[in-house]
Amino acid sequence: MRAFSYERATDPAAAAARAAQVPGAKFIAGGTNLLDLMKLEIETPVHLIDVNGLGLDEITRTDDGGLRIGALVRNTDLAANDLVRRDYAVLTRALVAGASGQLRNKATTAGNLLQRTRCPYFYDTAQACNKRSPGTGCAALGKGAFSRQLGIVGTSDACIATHPSDMAVALRVLDAVVETVTPTGATRKIPLAEFYRLPGDTPDKETVLASGEIITAVALPPSIGGRQSYYKTRDRASYAFALVSVALIRQPDGTGRVALGGVGPVPWRRAEADAELPRGAQAVMARLLEGARPTEENAFKIPLAERTLAAMLAEE
Ligand code: SF4
(Lines give C-alpha, C1' and ligand atoms only; values in the text may rest on other atoms or scores of the structure.)
Protein backbone atom coordinates (compact mmCIF):
# COMPACT_ATOMS: atom_id res chain seq x y z
CA MET A 1 0.00 0.00 0.00
CA ARG A 2 1.25 3.51 -0.83
CA ALA A 3 1.69 6.07 1.95
CA PHE A 4 -1.10 8.60 2.41
CA SER A 5 -2.06 11.42 4.75
CA TYR A 6 -5.35 11.48 6.65
CA GLU A 7 -7.80 13.93 8.16
CA ARG A 8 -11.28 13.85 9.65
CA ALA A 9 -13.92 16.12 8.12
CA THR A 10 -16.67 17.74 10.18
CA ASP A 11 -18.65 19.63 7.53
CA PRO A 12 -19.76 18.41 4.07
CA ALA A 13 -19.01 21.65 2.19
CA ALA A 14 -15.58 21.95 3.82
CA ALA A 15 -14.87 18.30 3.00
CA ALA A 16 -15.80 18.90 -0.65
CA ALA A 17 -13.64 22.02 -0.83
CA ARG A 18 -10.71 20.18 0.72
CA ALA A 19 -11.05 17.24 -1.68
CA ALA A 20 -10.99 19.63 -4.65
CA GLN A 21 -7.94 21.41 -3.21
CA VAL A 22 -5.74 18.33 -2.73
CA PRO A 23 -5.01 16.46 -5.99
CA GLY A 24 -5.34 12.73 -5.44
CA ALA A 25 -7.55 13.06 -2.33
CA LYS A 26 -10.39 10.61 -1.71
CA PHE A 27 -13.25 10.36 0.76
CA ILE A 28 -13.39 7.32 3.01
CA ALA A 29 -16.34 6.09 5.08
CA GLY A 30 -16.85 2.31 5.51
CA GLY A 31 -13.82 1.59 3.33
CA THR A 32 -15.14 -1.85 2.38
CA ASN A 33 -14.08 -1.46 -1.25
CA LEU A 34 -11.53 1.36 -1.12
CA LEU A 35 -9.18 -0.32 1.37
CA ASP A 36 -9.00 -3.48 -0.75
CA LEU A 37 -8.24 -1.36 -3.81
CA MET A 38 -5.54 0.56 -1.91
CA LYS A 39 -3.87 -2.65 -0.73
CA LEU A 40 -3.68 -3.81 -4.35
CA GLU A 41 -2.49 -0.33 -5.42
CA ILE A 42 -5.36 -0.03 -7.86
CA GLU A 43 -6.47 3.09 -5.98
CA THR A 44 -3.54 5.19 -4.76
CA PRO A 45 -4.96 8.26 -2.97
CA VAL A 46 -2.31 10.55 -1.49
CA HIS A 47 -4.77 11.91 1.06
CA LEU A 48 -7.85 10.40 2.74
CA ILE A 49 -10.70 12.55 4.06
CA ASP A 50 -12.63 10.56 6.63
CA VAL A 51 -16.30 11.57 6.34
CA ASN A 52 -17.66 9.38 9.13
CA GLY A 53 -18.09 12.42 11.40
CA LEU A 54 -20.36 14.38 9.04
CA GLY A 55 -23.56 13.28 10.76
CA LEU A 56 -25.18 12.14 7.52
CA ASP A 57 -26.50 8.98 9.12
CA GLU A 58 -30.24 9.54 9.47
CA ILE A 59 -33.29 8.39 7.54
CA THR A 60 -35.98 11.09 7.55
CA ARG A 61 -39.29 11.88 5.88
CA THR A 62 -39.16 14.48 3.08
CA ASP A 63 -41.77 17.24 2.78
CA ASP A 64 -43.47 15.44 -0.12
CA GLY A 65 -43.87 12.19 1.83
CA GLY A 66 -40.78 10.48 0.45
CA LEU A 67 -37.66 9.44 2.32
CA ARG A 68 -34.19 10.98 2.61
CA ILE A 69 -31.42 8.49 3.34
CA GLY A 70 -28.23 10.04 4.69
CA ALA A 71 -25.09 9.19 2.75
CA LEU A 72 -23.56 7.52 5.81
CA VAL A 73 -26.51 5.29 6.72
CA ARG A 74 -25.06 1.80 6.93
CA ASN A 75 -26.52 -0.83 4.62
CA THR A 76 -27.67 -2.95 7.59
CA ASP A 77 -29.56 -0.02 9.16
CA LEU A 78 -31.13 0.94 5.84
CA ALA A 79 -32.34 -2.61 5.18
CA ALA A 80 -33.84 -2.87 8.67
CA ASN A 81 -35.56 0.53 8.75
CA ASP A 82 -39.32 0.13 9.33
CA LEU A 83 -40.34 2.70 6.70
CA VAL A 84 -38.03 1.16 4.09
CA ARG A 85 -39.30 -2.34 4.82
CA ARG A 86 -42.93 -1.21 4.58
CA ASP A 87 -42.87 1.30 1.69
CA TYR A 88 -39.72 0.41 -0.31
CA ALA A 89 -39.44 -3.34 0.20
CA VAL A 90 -37.45 -3.80 -3.01
CA LEU A 91 -34.64 -1.80 -1.38
CA THR A 92 -34.51 -3.97 1.72
CA ARG A 93 -34.56 -7.12 -0.42
CA ALA A 94 -31.72 -5.86 -2.63
CA LEU A 95 -29.60 -4.81 0.35
CA VAL A 96 -29.83 -8.15 2.13
CA ALA A 97 -28.94 -9.89 -1.14
CA GLY A 98 -25.65 -7.96 -1.23
CA ALA A 99 -22.30 -8.78 0.36
CA SER A 100 -22.18 -10.32 3.86
CA GLY A 101 -23.57 -9.21 7.22
CA GLN A 102 -20.17 -7.91 8.31
CA LEU A 103 -19.74 -5.83 5.16
CA ARG A 104 -23.29 -4.45 5.34
CA ASN A 105 -22.58 -3.30 8.90
CA LYS A 106 -19.75 -1.09 7.61
CA ALA A 107 -20.82 -0.19 4.05
CA THR A 108 -22.58 3.14 3.59
CA THR A 109 -25.28 4.30 1.18
CA ALA A 110 -22.91 6.59 -0.75
CA GLY A 111 -20.07 4.09 -0.72
CA ASN A 112 -22.34 1.40 -2.07
CA LEU A 113 -23.23 3.64 -5.04
CA LEU A 114 -19.57 4.45 -5.67
CA GLN A 115 -18.07 0.96 -5.36
CA ARG A 116 -15.94 -0.13 -8.31
CA THR A 117 -16.50 -3.03 -10.68
CA ARG A 118 -15.48 -6.58 -9.74
CA CYS A 119 -14.16 -7.35 -13.24
CA PRO A 120 -11.28 -9.78 -12.49
CA TYR A 121 -8.92 -7.98 -14.88
CA PHE A 122 -9.52 -4.65 -13.13
CA TYR A 123 -8.12 -6.27 -9.97
CA ASP A 124 -5.14 -7.89 -11.71
CA THR A 125 -2.56 -5.16 -12.21
CA ALA A 126 -0.59 -7.38 -14.62
CA GLN A 127 -3.50 -7.18 -17.10
CA ALA A 128 -4.54 -4.41 -19.50
CA CYS A 129 -7.52 -2.46 -18.23
CA ASN A 130 -8.83 0.83 -19.62
CA LYS A 131 -10.79 1.49 -16.45
CA ARG A 132 -7.76 1.15 -14.15
CA SER A 133 -5.13 2.51 -16.57
CA PRO A 134 -6.78 4.48 -19.41
CA GLY A 135 -5.50 3.62 -22.88
CA THR A 136 -3.96 0.25 -22.00
CA GLY A 137 -6.70 -1.90 -23.53
CA CYS A 138 -9.22 -4.36 -22.14
CA ALA A 139 -8.04 -7.82 -21.17
CA ALA A 140 -11.65 -8.98 -20.78
CA LEU A 141 -12.13 -8.60 -24.55
CA GLY A 142 -9.03 -10.65 -25.38
CA LYS A 143 -9.23 -14.11 -26.99
CA GLY A 144 -10.25 -16.73 -24.43
CA ALA A 145 -10.81 -14.11 -21.71
CA PHE A 146 -13.01 -14.87 -18.73
CA SER A 147 -16.12 -12.77 -19.26
CA ARG A 148 -18.90 -14.90 -17.76
CA GLN A 149 -19.58 -12.27 -15.08
CA LEU A 150 -19.30 -9.22 -17.34
CA GLY A 151 -21.73 -6.96 -19.20
CA ILE A 152 -24.02 -7.46 -22.18
CA VAL A 153 -25.68 -4.03 -22.52
CA GLY A 154 -24.39 -0.46 -22.31
CA THR A 155 -20.85 -1.73 -22.80
CA SER A 156 -18.28 -0.39 -25.28
CA ASP A 157 -15.22 -1.56 -27.20
CA ALA A 158 -13.16 -0.08 -24.35
CA CYS A 159 -14.88 -1.82 -21.40
CA ILE A 160 -17.55 -4.46 -20.71
CA ALA A 161 -17.52 -4.29 -16.92
CA THR A 162 -20.70 -4.35 -14.83
CA HIS A 163 -21.64 -2.20 -11.86
CA PRO A 164 -21.68 -4.55 -8.87
CA SER A 165 -24.25 -2.90 -6.57
CA ASP A 166 -27.57 -4.56 -5.73
CA MET A 167 -28.75 -1.49 -3.81
CA ALA A 168 -28.33 0.76 -6.86
CA VAL A 169 -30.63 -1.49 -8.92
CA ALA A 170 -33.40 -1.11 -6.34
CA LEU A 171 -32.81 2.65 -6.11
CA ARG A 172 -33.06 2.87 -9.91
CA VAL A 173 -36.44 1.16 -9.96
CA LEU A 174 -37.56 3.51 -7.17
CA ASP A 175 -36.54 6.66 -9.13
CA ALA A 176 -34.07 7.75 -6.45
CA VAL A 177 -32.28 11.11 -6.58
CA VAL A 178 -28.68 11.59 -5.40
CA GLU A 179 -28.09 14.78 -3.39
CA THR A 180 -24.63 16.33 -3.33
CA VAL A 181 -22.58 19.31 -2.18
CA THR A 182 -19.96 20.75 -4.54
CA PRO A 183 -16.64 22.32 -3.52
CA THR A 184 -18.23 25.80 -3.83
CA GLY A 185 -20.89 24.82 -1.29
CA ALA A 186 -23.66 24.58 -3.92
CA THR A 187 -26.07 21.66 -3.73
CA ARG A 188 -27.16 19.42 -6.60
CA LYS A 189 -29.92 16.85 -7.06
CA ILE A 190 -29.03 14.21 -9.64
CA PRO A 191 -31.59 11.55 -10.65
CA LEU A 192 -29.93 8.15 -10.32
CA ALA A 193 -30.90 7.59 -13.97
CA GLU A 194 -28.36 10.31 -14.85
CA PHE A 195 -25.79 9.65 -12.13
CA TYR A 196 -23.71 6.92 -13.82
CA ARG A 197 -21.92 7.33 -17.15
CA LEU A 198 -21.76 4.65 -19.82
CA PRO A 199 -18.13 3.65 -20.46
CA GLY A 200 -17.72 4.81 -24.08
CA ASP A 201 -14.03 5.66 -24.61
CA THR A 202 -13.54 6.71 -20.97
CA PRO A 203 -14.54 3.82 -18.69
CA ASP A 204 -12.44 5.34 -15.89
CA LYS A 205 -15.08 8.09 -15.55
CA GLU A 206 -17.98 6.33 -13.88
CA THR A 207 -20.27 9.07 -12.56
CA VAL A 208 -21.18 12.69 -13.29
CA LEU A 209 -19.75 13.85 -9.94
CA ALA A 210 -17.33 16.77 -10.28
CA SER A 211 -13.93 16.78 -8.59
CA GLY A 212 -14.48 17.04 -4.82
CA GLU A 213 -18.28 16.81 -5.04
CA ILE A 214 -19.62 14.77 -2.12
CA ILE A 215 -22.84 12.76 -1.83
CA THR A 216 -24.87 13.87 1.20
CA ALA A 217 -28.07 11.83 0.77
CA VAL A 218 -30.25 9.77 -1.51
CA ALA A 219 -33.89 10.85 -1.73
CA LEU A 220 -36.78 8.55 -2.58
CA PRO A 221 -40.08 9.88 -3.94
CA PRO A 222 -43.28 8.91 -2.12
CA SER A 223 -43.85 5.17 -2.26
CA ILE A 224 -45.80 3.87 -5.26
CA GLY A 225 -46.72 0.73 -3.31
CA GLY A 226 -47.30 -2.38 -5.40
CA ARG A 227 -45.68 -5.74 -4.89
CA GLN A 228 -41.94 -5.15 -4.68
CA SER A 229 -39.37 -7.90 -5.15
CA TYR A 230 -35.69 -8.43 -5.92
CA TYR A 231 -34.24 -11.65 -7.21
CA LYS A 232 -30.53 -12.23 -7.61
CA THR A 233 -29.24 -15.10 -9.73
CA ARG A 234 -25.65 -15.99 -8.89
CA ASP A 235 -23.15 -18.80 -8.87
CA ARG A 236 -23.53 -19.49 -5.15
CA ALA A 237 -26.21 -18.65 -2.59
CA SER A 238 -24.43 -15.89 -0.66
CA TYR A 239 -21.51 -13.49 -0.80
CA ALA A 240 -21.41 -13.46 -4.61
CA PHE A 241 -22.12 -10.85 -7.25
CA ALA A 242 -25.10 -11.12 -9.55
CA LEU A 243 -24.99 -12.89 -12.86
CA VAL A 244 -28.38 -11.27 -13.36
CA SER A 245 -30.57 -9.53 -10.81
CA VAL A 246 -34.09 -8.21 -11.26
CA ALA A 247 -35.81 -5.44 -9.25
CA LEU A 248 -39.54 -5.52 -9.85
CA ILE A 249 -42.46 -3.35 -8.73
CA ARG A 250 -45.79 -4.67 -9.90
CA GLN A 251 -49.19 -3.08 -9.46
CA PRO A 252 -52.44 -5.08 -9.20
CA ASP A 253 -53.38 -4.10 -12.79
CA GLY A 254 -50.19 -5.71 -14.16
CA THR A 255 -48.31 -2.47 -14.85
CA GLY A 256 -45.03 -1.74 -13.10
CA ARG A 257 -41.30 -1.17 -13.33
CA VAL A 258 -38.29 -3.41 -13.93
CA ALA A 259 -34.55 -2.81 -13.51
CA LEU A 260 -31.67 -5.22 -14.01
CA GLY A 261 -28.34 -5.66 -12.28
CA GLY A 262 -25.35 -7.73 -13.40
CA VAL A 263 -25.86 -6.96 -17.09
CA GLY A 264 -24.29 -3.55 -17.65
CA PRO A 265 -22.10 -0.72 -16.37
CA VAL A 266 -25.12 1.01 -14.79
CA PRO A 267 -28.33 -0.24 -13.13
CA TRP A 268 -30.29 -1.07 -16.29
CA ARG A 269 -33.82 0.23 -16.86
CA ARG A 270 -35.79 1.52 -19.87
CA ALA A 271 -39.23 3.14 -19.70
CA GLU A 272 -40.31 1.34 -22.89
CA ALA A 273 -39.54 -1.99 -21.23
CA ASP A 274 -41.61 -1.07 -18.16
CA ALA A 275 -44.53 -0.49 -20.53
CA GLU A 276 -44.26 -4.11 -21.76
CA LEU A 277 -44.76 -5.61 -18.30
CA PRO A 278 -48.44 -6.51 -18.80
CA ARG A 279 -47.34 -8.61 -21.81
CA GLY A 280 -44.89 -10.71 -19.82
CA ALA A 281 -41.19 -11.40 -19.35
CA GLN A 282 -40.32 -12.09 -22.99
CA ALA A 283 -41.79 -8.77 -24.14
CA VAL A 284 -40.03 -6.88 -21.35
CA MET A 285 -36.61 -8.38 -22.05
CA ALA A 286 -36.97 -7.86 -25.82
CA ARG A 287 -37.08 -4.12 -25.05
CA LEU A 288 -34.81 -4.01 -22.04
CA LEU A 289 -31.98 -5.96 -23.66
CA GLU A 290 -32.45 -4.64 -27.19
CA GLY A 291 -29.03 -4.13 -28.81
CA ALA A 292 -27.26 -6.39 -26.29
CA ARG A 293 -23.69 -7.32 -27.26
CA PRO A 294 -22.82 -10.38 -25.18
CA THR A 295 -19.58 -12.33 -25.41
CA GLU A 296 -19.64 -16.06 -26.14
CA GLU A 297 -19.18 -16.69 -22.41
CA ASN A 298 -21.99 -14.50 -21.14
CA ALA A 299 -24.69 -14.79 -23.84
CA PHE A 300 -26.55 -17.00 -21.34
CA LYS A 301 -27.45 -13.83 -19.43
CA ILE A 302 -30.16 -12.96 -21.99
CA PRO A 303 -32.31 -16.08 -21.44
CA LEU A 304 -31.36 -16.04 -17.74
CA ALA A 305 -32.77 -12.52 -17.32
CA GLU A 306 -35.98 -13.50 -19.09
CA ARG A 307 -36.42 -16.65 -17.01
CA THR A 308 -35.66 -14.83 -13.77
CA LEU A 309 -38.35 -12.24 -14.47
CA ALA A 310 -40.78 -14.94 -15.64
CA ALA A 311 -40.27 -16.82 -12.38
CA MET A 312 -40.92 -13.65 -10.38
CA LEU A 313 -44.10 -12.90 -12.33
CA ALA A 314 -45.30 -16.49 -11.88
CA GLU A 315 -44.95 -16.16 -8.09
CA GLU A 316 -47.45 -13.32 -7.90
FE1 SF4 B 1 -10.94 -3.17 -17.34
FE2 SF4 B 1 -13.43 -2.83 -18.13
FE3 SF4 B 1 -11.88 -4.37 -19.55
FE4 SF4 B 1 -12.63 -5.17 -17.11
S5 SF4 B 1 -13.96 -4.89 -18.85
S6 SF4 B 1 -10.55 -5.28 -18.02
S7 SF4 B 1 -12.74 -3.22 -16.05
S8 SF4 B 1 -11.58 -2.18 -19.23
Side-chain angles (χ1 to χ4, degrees), residues 1-2 24 26 31-45 98-99 103 107 111-169 172 192 194-209 232-236 239-245 259-269 288-302 304-305:
M1 185 186 278
R2 304 261 181 96
K26 276 212 164 269
T32 56
N33 189 210
L34 181 59
L35 290 179
D36 285 346
L37 293 168
M38 287 172 65
K39 288 177 196 167
L40 293 166
E41 297 192 359
I42 294 164
E43 296 266 15
T44 52
L103 287 168
N112 190 320
L113 288 178
L114 295 175
Q115 65 180 298
R116 310 295 304 275
T117 185
R118 274 20 180 229
C119 169
Y121 302 104
F122 177 73
Y123 283 78
D124 182 347
T125 52
Q127 301 284 343
C129 174
N130 288 321
K131 187 183 280 294
R132 173 172 28 79
S133 307
T136 56
C138 171
L141 286 168
K143 195 167 162 32
F146 180 76
S147 58
R148 170 180 170 76
Q149 200 77 31
L150 300 179
I152 58 173
V153 280
T155 55
S156 71
D157 290 341
C159 180
I160 59 168
T162 54
H163 194 274
S165 172
D166 292 293
M167 182 193 79
V169 182
R172 180 70 183 87
L192 192 65
E194 297 162 20
F195 181 75
Y196 293 110
R197 294 171 186 263
L198 292 177
D201 293 334
T202 53
D204 53 311
K205 294 183 174 55
E206 295 172 353
T207 72
V208 299
L209 291 176
K232 181 174 179 179
T233 307
R234 45 188 159 172
D235 279 331
R236 61 182 182 213
Y239 201 33
F241 292 92
L243 291 167
V244 167
S245 67
L260 296 183
V263 296
V266 304
W268 199 252
R269 183 173 165 215
L288 198 48
L289 297 178
E290 201 171 354
R293 297 196 318 164
T295 65
E296 261 180 45
E297 269 207 343
N298 68 16
F300 73 91
K301 288 192 176 191
I302 295 174
L304 182 62

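Whatever order the structure lists them in is the order used to number ligands and atoms, beginning at 1.
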Inset, instruction - Specify the closest pair of heavy atoms between Cys129 and Tyr121, including all atoms of both residues, with the distance to one decimal. - result: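 Of all heavy-atom pairs spanning Cys129 and Tyr121, the closest is CB-O, 4.1 Å.
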Legend entry - Heavy-atom pair of closest approach, residues Pro203 and Lys131: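 For Pro203 versus Lys131, the nearest heavy atoms are O-NZ, 3.0 Å.
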Legend entry - Glu41 atom CD: more than 12 heavy-atom contacts under 6.0 Å: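 Yes, enclosed.
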Legend entry - More than 12 heavy atoms from other groups under 6.0 Å of OH on Tyr239: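 It does not: Tyr239 OH has 12 such atoms or fewer within range.
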Inset, instruction - Count, excluding waters, the protein N, O or S atoms that are closer to atom 3 (Fe) of ligand 1 than 2.8 Å. - result: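 That number is 1, waters not included.
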Legend entry - Separation between CG of Leu114 and CG of Leu209, rounded to the nearest 0.5 Å: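 That separation rounds to 6.0 Å.
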Legend entry - Asp36 and Arg116 ion-paired at < 4.0 Å: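 Answer for the salt bridge query: no.
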